[in-house]
Participant: 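Mind looking over this structure? Questions follow.
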Amino acid sequence: MVEPVEARADDSSGRTGDPANRGGRAVGHRWLRVLAGLAVTAHLVALYLPGNPDGSLELPWLPGADKVVHVLLFAGPVYLLGRLTRRVGLVAGLFAVHAVVSELVQWRFVPYRDGDPFDALADLVGIGLAVLLLKRRPGR
């Protein structure tokens, strides 16, 4: 026998069968989608935006700043998408492949950008941090 819609347990959309319980969780889920979309957009723009011939995106007064940016560019989307989808391994795996591919694309096809293996390493550190944060969350 099929249960009526009102009596069904939580589904993957973040909604419950009880209409009275939908408000807060659905709104939180919606914001998580928006933040994840913005994080992925920022991630892609930052990785594939052409550089400048004069290197003006570099911060010579703060060595290693680009590695911190790489950590954050990968940690943010992996954390948000992992939390949203609950498929942490899949999200982390896809972003790990993208870390390597993005450096190869930058090296070969993006004007005034270099492929740097240490950037890929920083990307993987960001992915690892996001996975650790997701696995430490209560209830996971």
Side-chain angles (χ1 to χ4, degrees):
M1 178 174 195
V2 177
E3 296 178 90
V5 173
E6 296 81 48
R8 286 191 182 152
D10 227 0
D11 68 7
S12 63
S13 69
R15 291 181 265 156
T16 61
D18 181 6
N21 290 335
R22 288 187 182 174
R25 189 165 179 179
V27 170
H29 194 73
R30 191 174 313 128
W31 275 108
L32 191 56
R33 283 183 184 179
V34 168
L35 288 174
L38 290 172
V40 169
T41 301
H43 169 88
L44 293 172
V45 167
L47 289 178
Y48 297 111
L49 189 68
N52 288 332
D54 62 358
S56 63
L57 293 177
E58 301 294 324
L59 301 174
W61 49 271
L62 188 58
D66 69 317
K67 303 305 181 250
V68 174
V69 170
H70 274 268
V71 168
L72 296 174
L73 281 173
F74 277 79
V78 169
Y79 178 81
L80 292 169
L81 288 171
R83 191 164 168 204
L84 182 66
T85 65
R86 297 182 183 173
R87 300 188 73 185
V88 177
L90 177 64
V91 171
L94 290 173
F95 273 83
V97 169
H98 185 243
V100 175
V101 169
S102 68
E103 292 304 319
L104 293 172
V105 169
Q106 287 176 15
W107 166 67
R108 187 68 181 103
F109 300 110
V110 181
Y112 306 109
R113 297 288 296 264
D114 296 336
D116 183 355
F118 292 110
D119 285 350
L121 183 61
D123 300 342
L124 296 175
V125 168
I127 293 166
L129 288 173
V131 169
L132 285 174
L133 286 173
L134 288 164
K135 295 296 184 179
R136 288 190 55 190
R137 288 190 62 223
R140 293 284 295 155

Participant: Once you round to the nearest 0.5 Å, how far does CG of Asp114 lie from CH2 of Trp107?
Facilitator: 11.0 Å
Participant: CG/Asp123 to CG/Leu47 distance, rounded to the nearest 0.5 angstrom?
Facilitator: 6.5 Å
Participant: Has Glu103 got a side-chain atom pairing as donor or acceptor with Asp116's backbone, closer than 3.5 angstrom?
Facilitator: yes
Participant: Distance check, rounded to the nearest 0.5 Å: Leu80 atom CG versus Trp31 atom CH2?
Facilitator: 13.0 Å
Participant: Has Tyr48 got more than 12 heavy atoms of other residues, nucleotides or ligands less than 6.0 Å from its OH?
Facilitator: yes
Participant: How far apart are the closest heavy atoms of Ala99 and Ala120, and which atoms are they?
Facilitator: O-CB, 4.2 Å
Participant: Do Leu134 and Leu32 belong to the same hydrophobic cluster, where Ile, Leu, Val, Met, Phe, Trp and Tyr are linked whenever their side-chain heavy atoms lie under 4.5 Å apart, directly or via other members?
Facilitator: yes
Participant: Between Val78 and Ala130, which heavy-atom pair has the shortest distance, and what is it?
Facilitator: CG1-CB, 3.6 Å
Participant: Rounded to the nearest 0.5 Å, how far does CG of Leu44 lie from NE2 of His98?
Facilitator: 5.5 Å
Participant: Using the ring centroid of each side chain, check whether Phe118 and His70 are separated by less than 6.0 Å.
Facilitator: no
Participant: Taking all heavy atoms of Gly82 and all of Val88, pick out the closest pair and write down the distance.
Facilitator: O-CG2, 4.1 Å
Participant: Please round to the nearest 0.5 Å and tell me the distance separating atom NE2 of His43 and atom CG of Leu81.
Facilitator: 9.5 Å
Participant: If every non-hydrogen atom of Pro77 is compared with every non-hydrogen atom of Ala39, which pair is closest and at what distance?
Facilitator: CG-O, 3.7 Å
Participant: Grouping I, L, V, M, F, W and Y whenever their side-chain heavy atoms are under 4.5 Å apart, do Leu35 and Tyr79 come out in a common cluster?
Facilitator: yes
Participant: Hey, any chance Phe109 and Val97 share a hydrophobic cluster, counting ILVMFWY side chains that come within less than 4.5 Å of each other, even indirectly?
Facilitator: yes
Participant: Which atoms form the tightest heavy-atom contact between Phe95 and Phe74, and what is the distance?
Facilitator: O-CE2, 3.5 Å
Participant: Report yes or no: do Leu133 and Val125 belong to one cluster of Ile/Leu/Val/Met/Phe/Trp/Tyr joined by side chain heavy-atom distances under 4.5 Å?
Facilitator: no
Participant: If you look at every heavy atom in Val110 and Leu49, which pair is closest and at what distance?
Facilitator: CG1-O, 3.8 Å
Participant: What distance do Ile127 atom CD1 and Leu94 atom CG have between them, rounded to the nearest 0.5 Å?
Facilitator: 9.5 Å
Participant: Going by heavy atoms in the side chains, are Tyr112 and Pro53 under 4.5 Å from each other?
Facilitator: yes
Participant: Give the intermediate values and the outcome of side-chain contact (heavy atoms from CB on, under 4.5 Å) for residues Leu84 and His29.
Facilitator: CA-CA 7 Å; Leu84 182 66; His29 194 73; 3.5 Å; yes
Participant: Applying the 4.5 Å side-chain criterion to the ILVMFWY set and letting contacts propagate, would Val101 and Leu73 be lumped into a single cluster?
Facilitator: yes
